[in-house]
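Here the structure is laid out as structure tokens; the discussion comes afterwards.
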Amino acid sequence: MTSINCEQIAPPVWASNTVQNLQGQEVHLWRINIDLSFHNLSALQEFLSPEELQKASNYLREQDRTRFIIGHACAKDLIARYLNIEVAQVSLNIGTNGKPCISPVHKLYFNISHSGDWVLIAFGPEELGVDIEKITGDFITDILMEQCFHRQEIKVIKESGDSTTDFFKFWTRKEAFLKATSNGMVDELNQFTCMEEAQEFEFPSLSIKEHWDLKSFLMDQIYAVSLCAANPLNTIRFLNY
């Protein structure tokens, strides 16, 4: 059996800080604004490999290309600082379902998500996943909910005083869990819940680990964020890049 312990937490206070070593099982969550007035895009592109530059060029929308470049370049910069090496020495591997990862020898795990004006990068001592989504009702349909959500989750959403926000709470929870477990979209999404507190399910194809911890919160009242990790999320440091 696999268990997921979910909790909605208060909007965090983000601190400006320099990189410090991860202490024990703490997780660091960095946020990066994609406003180009804060970034030298040409300099950041120097951090990317030819393959990453090609992937960036595949995005049709300029904002999506910018988010990809800033996210991956800043991830490499942070990784270099965590590992005390030069950015040029950072080598990212491609894991299951295309998830970027670092060599297991470093015992440093990370995950990237972006939406709207923000990129989030999470770092921790074990596998983890993060998802941020701008709250909008543009694409919410009954069919989508039936495909992705358990009947109990659908009931909560439909009876909620703010159904759009609750939709994205569950959406980001499942996305963060899938990213933490290195799964793409799967058919079993509507067969387990990400309700408050702990729940158990038995889908070996989804997770070989027994326990997952998941925290959700609202950022700036217009973004839903969820963070999922194999280690207890007792200490999360929220940092501005």
Side-chain angles (χ1 to χ4, degrees), residues 3-17 20 22-35 67 70-71 74-75 78 109-140 145 148-150 152-154 156-157 159-181 189 192-199 211-241:
S3 69
I4 308 178
N5 186 62
C6 300
E7 181 186 5
Q8 185 79 8
I9 63 175
V13 175
W14 299 80
S16 296
N17 214 322
Q20 298 180 7
L22 291 166
Q23 301 295 322
Q25 292 191 313
E26 73 179 8
V27 167
H28 294 176
L29 184 60
W30 294 82
R31 70 173 183 177
I32 305 157
N33 194 292
I34 67 164
D35 187 338
R67 276 196 293 256
I70 291 174
C74 291
L78 288 169
Y109 296 86
F110 79 102
N111 195 233
I112 306 172
S113 183
H114 47 74
S115 181
D117 296 327
W118 294 97
V119 175
L120 297 186
I121 309 175
F123 290 91
E126 296 189 54
E127 288 286 3
L128 76 175
V130 63
D131 190 53
I132 177 173
E133 300 288 346
K134 191 170 185 178
I135 298 171
T136 172
D138 293 349
F139 72 101
I140 300 175
M145 286 199 289
C148 298
F149 296 144
H150 190 275
Q152 291 179 318
E153 295 168 328
I154 294 173
V156 170
I157 292 169
E159 294 179 355
S160 169
D162 190 349
S163 58
T164 303
T165 298
D166 276 336
F167 172 94
F168 280 100
K169 176 179 71 175
F170 290 122
W171 181 275
T172 58
R173 284 179 177 182
K174 295 204 171 183
E175 282 278 356
F177 172 72
L178 291 178
K179 293 175 75 175
T181 57
L189 279 179
F192 69 94
T193 71
C194 286
M195 305 281 282
E196 300 304 309
E197 300 183 348
Q199 48 264 303
H211 304 289
W212 293 91
D213 203 15
L214 197 153
K215 306 292 188 190
S216 304
F217 60 89
L218 289 178
M219 189 179 85
D220 302 338
Q221 297 302 311
I222 58 172
Y223 292 93
V225 178
S226 288
L227 178 65
C228 182
N231 54 289
L233 290 171
N234 296 327
T235 305
I236 308 171
R237 295 183 62 209
F238 299 93
L239 302 164
N240 284 312
Y241 182 86

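Predicted model, so just to flag it, every value in this text is computed and none were measured.
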Self-check item: Any donor-acceptor pair under 3.5 Å from R173 side chain to D131 backbone
Solution: no
Quiz item: Under the 3.5 angstrom rule, does the side chain of K134 hit a backbone N or O of S115 as a donor-acceptor pair?
Solution: no
Quiz item: Do Q199 and T193 have side-chain N/O donor and acceptor atoms under 3.5 Å apart?
Solution: yes
Quiz item: In this structure, which one of E196, E133, E153 forms a side chain to side chain contact (heavy atoms under 4.5 Å, CB included) with K169?
Solution: E196
Quiz item: Hey, what do you get for CG (D162) to CD1 (I135), rounding to the nearest 0.5 Å?
Solution: 7.0 Å
Practice problem: Indicate yes or no for a side-chain donor-acceptor contact from K179 to the backbone of I112 under 3.5 Å, with no hydrogens or angles considered. | Solution: yes
Quiz item: Heavy atoms, side chains only, cut-off 4.5 Å: are W118 and N33 in contact?
Solution: yes
Quiz item: What pair of heavy atoms forms the shortest contact from A230 to E126, and how long is it?
Solution: CB-OE1, 3.7 Å
Exercise. Name all residues meeting the salt bridge (Lys or Arg N to Asp or Glu O under 4.0 Å) criterion together with D213; count only those two or more places apart in sequence or in a different chain, and write none if there are none.
Key: none
Quiz item: Looking only at atom types and distance, does a side-chain atom of Y223 sit under 3.5 Å from a main-chain N or O of D117, one as donor and one as acceptor?
Solution: yes
Self-check item: Gap separating the CG atom of L214 from the OG atom of S226, nearest 0.5 angstrom
Solution: 5.0 Å
Quiz item: Hey, are the side chains of E175 and S113 touching, using non-hydrogen atoms and a 4.5 Å cut-off?
Solution: no
Practice problem: Measure the shortest side-chain to side-chain distance between M219 and W14 over non-hydrogen atoms and say whether it is less than 4.5 angstrom. | Solution: yes
Practice problem: Find out whether L178 and L189 are in side-chain contact, i.e. whether some heavy atom of one side chain is under 4.5 Å from a heavy atom of the other. | Solution: yes
Exercise. Side-chain contact test, heavy atoms from C-beta onward, threshold under 4.5 Å: evaluate it for V156 versus I154 and give yes or no.
Key: no
Self-check item: L227 side, atom CG; F177 side, atom CZ - distance, nearest 0.5 Å
Solution: 14.0 Å
Quiz item: Can you tell me how far the CG atom of L22 sits from the NE2 atom of H28, to the nearest 0.5 Å?
Solution: 4.5 Å
Quiz prompt | Any side-chain heavy-atom pair of N111 and Y109 under 4.5 Å | solution = no
Quiz item: Do you know which two heavy atoms are closest between F167 and I157, and how far apart they sit?
Solution: CA-CD1, 3.8 Å
Quiz item: OH of Y241 to CD1 of I70: how many Å apart, nearest 0.5 Å?
Solution: 10.0 Å
Quiz prompt | Rounded distance (nearest 0.5 Å) linking atom CG of L120 with atom CZ of F238 | solution = 10.0 Å
Quiz item: Taking all atoms of both residues into account, what is the closest heavy-atom pair of W212 and C228, and its distance?
Solution: CE3-SG, 3.9 Å
Exercise. Answer whether the closest heavy-atom distance between the side chains of V119 and C74 falls below 4.5 Å.
Key: no
Quiz item: Is there side-chain contact between R31 and D220, with heavy atoms separated by less than 4.5 Å?
Solution: yes
Quiz prompt | Over all atoms of both residues, closest heavy-atom pair of S160 and S163 | solution = OG-N, 3.6 Å
Self-check item: Considering all heavy atoms, the nearest F123-A75 contact
Solution: CZ-O, 4.2 Å
